[in-house]
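In this chain, numbering begins with 1 at the start of the sequence shown.
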Amino acid sequence: MTAPSLDKNGLRQALRIAGGSALGFSLCKLMNWPNGIFFTVYPMLLLGLVPILNGHIIRQFFASAAFSAFFVLVVQGLFSHLPVVMTLLSFFAFAFLFYQMSRGANFLFGALGVVGLSIQLHFASYVGSGTSIYPLIISNGLAVMTTVLTAILMHFVFPDVAPRPARERPNKAIESVRHEVLLCSSVATLSFVIFQIFDLQDSISAQAAFILILFPLCWKAAGMAGWQRAVGTLIGCNLALISQLFLYNYTDILVFPALILWSLTFIFSRYHIVAGGMPGVGFGVITTFGILFGQSLGPGQDLVYSALYRFSSVSVAILVSLCAVYIMHHILNRFKVTRHHTFD
């Protein structure tokens, strides 16, 4: 049995993912913009989760950024001093986003909104006296604009060579939709609460992993997603350590880390694409690169501590998240109105 290989469209998509992430990384480092994770990971999400680019996809991307910015600026600004109220409002926001994912038509809006909102809530919670939340919102908005322009450029330079068949969205029973929305929004809110209670300012990778394994929307798929995410993170962290050996103390020469990021992302995009383009081991590897390079690498910085800390924190986050998903899955399946179609 031969291993699956990339077709011509898949090769072009891998080039787009690698080129977009390396270009976003290079631009934010060259301009010395903060929160490099946005500029490096957003192109991976936009170019990796959907193989095409059209007006509907771009509108979803902009809408997800606007929704996250509004929630962090207005809602958190008004109610951050009321923990119970803020927790309930976060639950409803996550429920709205996961509903969009579950219904399918606006999956990208929900997925990008969940990731963006979670990361910004995490960062914003550590904004203390004398500091402002506006640089966070501005850098996120700038990253969204940059990502869209980068995606357009990548699709122009590396266009598909053949039309892609339209993806059919399976029809879901309303009970399954309720199950997925309640399960995922509950676990996402738990992530929000945990990162509010404990001082985990440097654990953005763990917080992102907490959310990304919810993308399959149900327990049976989330279990596999959690395992794949852990494997992808392990591979990504070890390759980041190897990359640091090559970089040595030349991280201030931008072309070197950009070239390494492009090469590794291009290689492991293959595993993501041949698996159907859904978050798996390959996607876990490339987003690990994106988070580590975007957030932890710069002049005078190295990846050693970040890579080691990332894997340990992500492992704990995945374990806690899967336990929460398992418990919520069984609670919701006790009731007919929230019973998932995968119920045995």
Which donor-acceptor pairs under 3.5 Å do side chains of residues 261-268 form with protein atoms, sequence neighbours excluded?
from	atom 1	to	atom 2	distance (Å)
Ser263	OG	Leu259	O	2.9
Thr265	OG1	Leu261	O	2.7

Which residues pass the side chain to side chain donor-acceptor pair (under 3.5 Å) test with [X], sequence neighbours left out?
{"X": "Gln60", "answer": "His56"}
{"X": "Gln13", "answer": "none"}
{"X": "Ser139", "answer": "Asn35"}
{"X": "Asn9", "answer": "none"}

In residues 38-48, what donor-acceptor pairs under 3.5 Å come from side-chain atoms, sequence neighbours left out?
from	atom 1	to	atom 2	distance (Å)
Thr40	OG1	Gly36	O	3.0
Tyr42	OH	Asn140	OD1	2.6

With sequence neighbours left out, what residues match Leu73 under side-chain contact (heavy atoms from CB on, under 4.5 Å)? Ile133, Tyr134, Ile137
Partners of Leu78 by side-chain contact (heavy atoms from CB on, under 4.5 Å), sequence neighbours excluded?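 Expected list: Val74.
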Which residue pairs satisfy the side chain to side chain donor-acceptor pair (under 3.5 Å) criterion with at least one member in residues 85-94, sequence neighbours excluded? none
Linking Ile, Leu, Val, Met, Phe, Trp and Tyr by side-chain heavy atoms under 4.5 Å, what else ends up with Val181?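 Listed partners: Tyr99, Ile174, Val177.
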Applying ring-ring contact (aromatic ring centres under 6.0 Å, His included) to Phe70 and not counting sequence neighbours gives none
Residue list, ring-ring contact (aromatic ring centres under 6.0 Å, His included) with Phe67, at least two apart or on another chain: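 Once residues adjacent in sequence are excluded, the partners of Phe67 under the ring-ring contact (aromatic ring centres under 6.0 Å, His included) criterion are Phe96.
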Specify the closest pair of heavy atoms between Ile273 and Gly10, including all atoms of both residues, with the distance to one decimal.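 Scanning both residues, the minimum pair turns out to be CD1-O, 3.3 Å.
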